[in-house]
Amino acid sequence: MRNSVIAQLEKLAEIDENIYLLTGDLGFGVLDNFAITYPNRFINAGISEQNMTAVAAGMALENNTVYTYSIGNFPTLRCLEQIRNDICYHNANVKIIVVGGGFAYGQLGMSHHATEDIAIMRALPNMKVFSPADPDEAVEVIKYVNSIQGPCYIRLGKGREPRIHADYGNYSVHKVMELYKGDKIAIISTGSVLGEAKKAVEELKSYDINVGLYNVISIKPLDEDSIKNIAKQYETIISLEEHNNIGGLGGAISEVLSGMSSNKAVLVRMGLEDVYTSIVGSQDFLREYYGLSASAIKEKIKDYL
Amino acid sequence: MDSKELALNMRKDAIDMVNKSHASHIGAVLSVIDIVAVLYSDIMNVNPDNPSMYDRDRIVLSKGHAGIAIYTALAECGFIPKAELQKYYTDGSVYSGHVSSKGVPGVELSTGSLGHGAGVACGMALSAKLKNDTYHIYTIIGDGECEEGSIWEMALLANRYKLDNFTVIVDHNKMQAMGDCEEVMALGDLSDKWKAFGWNVIDVEDGNNHEQLREAFDKRVQNKPNIIIANTVKGKGISFMENNLLWHYRDPQGDDYIKAKQELEAN
């Protein structure tokens with residue numbers, strides 16, 4: 001995902017000389033080509049995320065499009081007030097790209113597990129929040145965020161995520177994407193954990209159990225109309241995210257549902273149950289451990305059939 | 001209007017504003033007013049008729065609680081009508097206690113949380129440097145503000161990129177919200193600290209003396225970021241406010257207000 005994104009950013013930088021990329025001393029091997037191609041527009045701001053973020057705001061206020069890059073919690077939580085006061089309040093044109101969304105850096109420990117970032121970024125006025133599931137989605141997100149003015153948060157996995165969509169061309173960054181129509185239960189997923197949901201849904205299909213599967217790339221703004229339609233069509237919505245159950249996609253969906261005068265669906269949130277990860281492991285292991293694997297999703301669905 | 005007259009008018013405006021609004025921070029405002037007055041009067045290329053002209057010099061007040069110093073400078077220099085100052089602290093106004101860029105022409109950045117403005121100003125300077133723009137970026141920080149880690153992150157980057165289009169001025173009045181900087185955090189020798197970070201350090205013995213401030217700006221060098229450490233007096237210009245922490249919080253009313261005005265009128 002990250003390589004596709006940076007390659008796309010290089011293409012955009014070729015066209016627009018006001019694009020800058022700042023890193024908090026991370027991206028070894030990933031950012032090299034950008035740095036070599038555009039040495040004057042690549043800034044290693046050092047291990048200092050607060051300043052990187054403030055500097056990005058200052059550069060953006062001088063009519064530049066500025067990307068910051070680092071691992072999950074560092075260019076977000078570490079410098080939250082710089083994002084709030086310097087970027088978001090001034091609607092500065094800064095795009096925060098993180099790698100390591102959820103458990104992508106599973107073995108590295110809780111410091112490197114981004115599991116509250118969506119909730120926190122989503123709470124900031126002017127900030128838009130994107131959580132692509134695969135490299136194709138991520139590239140579309142970068143094209144889109146570069147075309148608009150104002151702060152954006154782009155939550156990536158790391159590398160080598162499989163392509164989920166055979167043909168991405170029919171989808172849009174903004175619209176909730178329908179992968180499968182179902183009968184009573186619909187999963188609404190965000191991020192690369194969509195792969196687990198797809199596996200679960202496809203396996204259940206072989207037992208004639210039809211579960212709807214939907215994907216959200218833009219968590220903020222959220223395609224509320226589609227969420228409302230799904231809520232009217234199904235009895236149960238399962239929100240799925242590699243993130244705390246508070247304030248993320250499940251939180252965003254619950255905000256929509258609570259505003260409906262009548263809806264059919266009950267919301268079940270599948271995410272971290274308000275805990276920090278206290279063990280390490282591969283992303284697959286942690287998904288299994290914290291109940292976000294395909295098998296866990298199937299079990300959850302059986303509870304609501 | 002020369003810088004001394006500008007500073008005097010700003011002080012008179014400031015006393016009226018805090019008296020009317022019951023605002024805090026007059027001590028910090030009086031401390032920094034001379035620096036701001038010299039910048040607007042003698043140093044910066046700014047244009048009240050075109051406050052957002054591309055090649056203007058930028059000023060970011062990182063110690064945003066002294067916002068009155070910027071508002072009064074803008075009013076006295078014709079960026080905003082003087083009547084606007086009446087709106088300070090009032091319901092529905094954009095004139096917040098901490099300086100606001102929203103709705104106030106000539107203000108580059110809204111600040112208030114310490115340790116932010118200097119980093120943003122550094123970003124403005126980096127952008128100008130990378131684009132070979134010739135304008136200059138100024139930021140004013142407090143000495144207590146130097147306790148923020150983000151200030152030293154900024155110091156590293158500005159040195160790394162040799163931002164000689166960037167001048168930081170420290171309003172070094174030796175006091176912060178809860179006491180003397182030395183007692184609160186053993187702030188030590190600021191000149192030595194900034195020198196150690198690679199900056200061209202210019203010490204100003206009397207940071208409320210306009211001639212000394214002007215000379216300091218002449219001592220800037222190329223190939224390094226510049227910092228002027230202006231040894232100021234908190235509450236400068238009103239005898240009973242000088243070096244008295246109480247006036248970080250208190251606003252002059254009754255006899256205090258009359259006495260403050262009399263002292264300024266006697267200039």
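Every chain is numbered from 1, with letters handed out A, B, ... down the list of sequences.
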> Might you confirm whether atom CE of B/Met178 has over 12 heavy atoms from other residues, nucleotides or ligands at distances under 6.0 Å?
no
> Starting at NE2 of B/His116, measure out to CG of A/Asp86 and round the result to the nearest 0.5 Å.
5.5 Å
> Considering residues, nucleotides and ligands other than A/Phe28, do more than 12 of their heavy atoms fall under 6.0 Å from its CZ?
no
> Between A/Glu62 and B/Lys131, is there a salt bridge with N-O shorter than 4.0 Å?
no
> Please indicate whether A/Tyr276 has more than 12 foreign heavy atoms, meaning atoms of other residues, nucleotides or ligands, lying under 6.0 Å from its OH.
no
> Mind checking the OG-OH spacing from B/Ser100 to A/Tyr89? Nearest 0.5 Å is all I need.
4.5 Å
> Flag the one option from B/Cys122, B/Gly119, B/Ala125 with the top tally of heavy-atom pairs under 4.5 Å to chain A.
B/Gly119
> Measure from the side-chain N and O atoms of A/His90 to the backbone N and O of B/Ser110, and report whether any donor-acceptor pair falls under 3.5 Å.
yes
> Can you tell me which of B/Gly149, B/Ser113, B/Gly117, B/Ala118 forms the most heavy-atom pairs within a distance under 4.5 Å of chain A?
B/Ser113
> Just checking A/Arg78: does its CZ atom have more than 12 heavy atoms from other residues, nucleotides or ligands closer to it than 6.0 angstrom?
no
> Which residue out of B/Leu156, B/Leu130, B/Val60 racks up the most heavy-atom pairs below 4.5 Å with chain A?
B/Leu130
> Check each atom of B/Arg58 against the heavy atoms of chain A and say whether the ones under 4.5 Å are side chain, backbone, both or neither.
side chain
> Does A/Ile47 CD1 have over 12 foreign heavy atoms under 6.0 Å away?
no
> side-chain hydrogen bond (donor to acceptor under 3.5 Å, both in side chains), that's the test. Do A/Asn51 and B/Ser150 meet it? Break it down for me.
CA-CA 6 Å; A/Asn51 188 54; B/Ser150 57; over 6 Å; no
> Atom CZ of residue position A/Arg84 - does it have more than 12 heavy atoms of other residues, nucleotides or ligands inside 6.0 Å?
no
> Would you name the heavy atoms of B/Tyr161 and A/Phe42 that are closest together and state the gap between them?
OH-O, 4.4 Å
> Is it true that, when you exclude A/Glu14 itself, more than 12 heavy atoms of the residues, nucleotides or ligands shown sit nearer than 6.0 Å to its CD?
no
> Report which part of B/Thr111 has an atom under 4.5 Å of a heavy atom belonging to chain A: side chain, backbone, both, or neither.
neither
> With chain B, which of A/Leu61, A/Asn40, A/Val66, A/Ile43 has the greatest number of heavy-atom pairs at distances under 4.5 Å?
A/Ile43
> Is it the backbone or the side chain of A/Glu17 that comes under 4.5 Å from a heavy atom of chain B, or both, or neither?
neither
> Could you tell me if the side chain of A/Met59 sits less than 4.5 Å from the side chain of B/Met124, heavy atoms only?
no
> Under 4.5 Å, counting heavy-atom pairs only, tell me which of B/Asp133, B/Leu109, B/Ile151 racks up the most with chain A.
B/Leu109
